**Student:** 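Please find one structure pasted underneath; my questions will follow.
Chain A is the first sequence line, chain B the second, and so forth, proteins listed ahead of strands; every chain is numbered from 1. The structure displayed is predicted, hence computed values, not measured ones. Below, all heavy atoms of this structure are taken into account, side chains as well, without hydrogens, waters or symmetry copies.
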Protein chains: 2
Amino acid sequence: MKTLSISEVARKVGLKPSALRFYEHAGILPPPARVNGRRRYDPDVLTRLAIIQLAQQAGFTLSEMRTLFEGFAQDATPSARWRDLAKTKLPEIDEMIRRAQAMRSFLEEGLRCDCLSLDDCELVVQRLERGAES
Amino acid sequence: MKTLSISEVARKVGLKPSALRFYEHAGILPPPARVNGRRRYDPDVLTRLAIIQLAQQAGFTLSEMRTLFEGFAQDATPSARWRDLAKTKLPEIDEMIRRAQAMRSFLEEGLRCDCLSLDDCELVVQRLERGAES
DNA sequence: CTACACCTTAAAGTAAACTTTAAGTCAAGA
DNA sequence: TCTTGACTTAAAGTTTACTTTAAGGTGTAG
């Protein structure tokens, strides 16, 4: 299989080469082979980058991703770290979804009112009171 | 109605006083009355802060919130800005929910596998391929 | 040969959203 | 009166996730 230059990889995943160097420095992208000092990436890196982007969209920090990848590479029980991370992250993701849905209906309710002040809006106040109960 | 000191407000909403000063400086919290140079908040500020926190959890920047609040105070058509902002933000929120749900099921699928390498995991690869189709 | 695109590094810069620090004010209690 | 605790300001520092810059190397086309 052919290897890829840093800018080829970057273009394929929609990042800048500097981001890839940064990820490598941050320990979430494995250092690729070098030819004349230049990075040559195995196409596998595209999978890794897809995982990184998915995790990032779900609110993982780069540091959490490092845990994720290191766990699979080094731990005695590889899937244990996944389970640990999932146990921590699943509730966080659920909370994130819940909040996003709250703001979503908040925004939609706002579309149906004509209040002059957001702070006085009945819909707003009622929604916040409902939120305070739960 | 009694007024509140900056640290009373901060405690009630789970923020530090410095955050409230910062919000005021950033133009998303109205400057409160002063007594001997100290801020005395009307309890209304709690509603405003609840809105700020809700918006923040939904991915609004402070600058967008400024638009939100200023719009209601100054625009000729108060609810127009709300509609503009909602039109921009609703799709963003929906996309955020979609991605969060994708990572959610990704994490759950990870719980059911024992792959030694995350990059080689069939579940991972299949999910990414499904993602690439849509 | 030289121009050019593309690569390398380390270090500094950026943006958002705050926090911390430094230096000073003020009212109430011992 | 002195001390304590809470407040004030402006400015500098922090974190995350990068980007930009500066200074330089490399290989291929003309």
**Student:** Nearest to the B:R34 side chain among C:dT25, D:dT9, C:dT19, which nucleotide is it?
**Tutor:**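 Nearest to the side chain of B:R34 among the choices is D:dT9.
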**Student:** Within the distance-only criterion (no hydrogens, no angle test), does the side chain of B:Q56 pair as donor or acceptor with the backbone N or O of B:I51 below 3.5 angstrom?
**Tutor:**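 Not confirmed, B:Q56 side chain does not pair with B:I51 backbone.
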**Student:** Whole angstrom is fine here: how far is it from CD in B:E64 over to C1' in C:dA16?
**Tutor:** 12 Å
**Student:** Working note: B:R21 + B:E24, criterion salt bridge (charged side-chain N to carboxylate O under 4.0 Å, His left out); need CA distance, chi angles, decisive distance, verdict.
**Tutor:** CA-CA 5 Å; B:R21 294 192 195 99; B:E24 185 180 327; over 6 Å; no
**Student:** Can a side chain N or O of B:Y23 be found less than 4.0 Å away from OP1 or OP2 on C:dC18?
**Tutor:** yes
**Student:** Under 4.0 Å, heavy atoms only, any strand: does B:Q56 hit a base, just the sugar-phosphate, or nothing?
**Tutor:** sugar-phosphate
**Student:** Would B:K12 and B:E8 pass as an ion pair if we require N to O under 4.0 Å?
**Tutor:** no
**Student:** So, OP1 or OP2 of C:dT8: does either fall under 4.0 Å of a side-chain N or O from A:R39?
**Tutor:** yes
**Student:** Taking for each residue the nucleotide of DNA chain C bearing the nearest heavy atom, is the 5' side occupied by B:T61 or by A:N36?
**Tutor:** A:N36
**Student:** Working note: A:E95 + A:R98, criterion salt bridge (charged side-chain N to carboxylate O under 4.0 Å, His left out); need CA distance, chi angles, decisive distance, verdict.
**Tutor:** CA-CA 5 Å; A:E95 181 57 16; A:R98 207 192 55 72; 3.0 Å; yes
**Student:** Using atom CZ of A:F60 as one end and atom C1' of D:dT16 as the other, report the distance to the nearest whole Å.
**Tutor:**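 Rounded to the whole Å, the gap is 16 Å.
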**Student:** Select one nucleotide: of C:dC6, C:dC18, D:dA6, the one nearest the side-chain heavy atoms of B:S7.
**Tutor:**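 Nucleotide nearest to B:S7's side chain: D:dA6.
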**Student:** Among the nucleotides D:dT20, C:dC18, C:dC7, which one has an atom lying closest to any side-chain atom of A:S18?
**Tutor:**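 Out of D:dT20, C:dC18, C:dC7, the nucleotide with an atom closest to A:S18's side chain is D:dT20.
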**Student:** Students often get this wrong, so: under 4.0 angstrom with heavy atoms, is A:R21 touching a base, only sugar-phosphate, or nothing?
**Tutor:**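 Base: the residue A:R21, judged by heavy atoms under 4.0 Å, touches a nucleobase.
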**Student:** So if I take every side-chain heavy atom of A:K16 and compare against D:dT8, D:dT19, C:dC7, which nucleotide ends up nearest?
**Tutor:**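 The answer is D:dT19, which lies nearest to the side chain.
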**Student:** CD of B:E24 versus P of C:dC18: gap in Å, rounded?
**Tutor:** 15 Å
**Student:** A:I6 CD1 to C:dT9 P: how many Å, rounded?
**Tutor:** 8 Å
**Student:** In whole Å, what is the span from the NE2 atom of A:H25 to the P atom of D:dA17?
**Tutor:** 14 Å
**Student:** Within the 4.0 Å heavy-atom criterion, would you say B:R40 contacts the bases, only the backbone, or no part of the nucleic acid?
**Tutor:**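 Nothing, no heavy atom under 4.0 Å.
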**Student:** Rounded to the nearest Å, what distance is computed from the CZ atom of residue A:R11 to the P atom of nucleotide C:dC7?
**Tutor:** 11 Å
**Student:** Return the value, rounded to whole Å, for the distance between atom CZ of B:F22 and atom P of D:dT9.
**Tutor:** 15 Å
**Student:** Could you check how far CD of A:Q53 sits from P of D:dA17, rounded to whole Å?
**Tutor:** 14 Å
**Student:** Looking at C:dC18, C:dC6, C:dT20, which one has an atom nearest to any side-chain atom of A:R38?
**Tutor:**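 When the side chain of A:R38 is considered, C:dC6 is the closest of C:dC18, C:dC6, C:dT20.
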**Student:** Test of understanding: clusters of I, L, V, M, F, W, Y form through side-chain heavy atoms closer than 4.5 Å, transitively. Do A:Y41 and A:I52 belong to the same one?
**Tutor:**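 Per the 4.5 Å side-chain linkage, A:Y41 and A:I52 are co-clustered.
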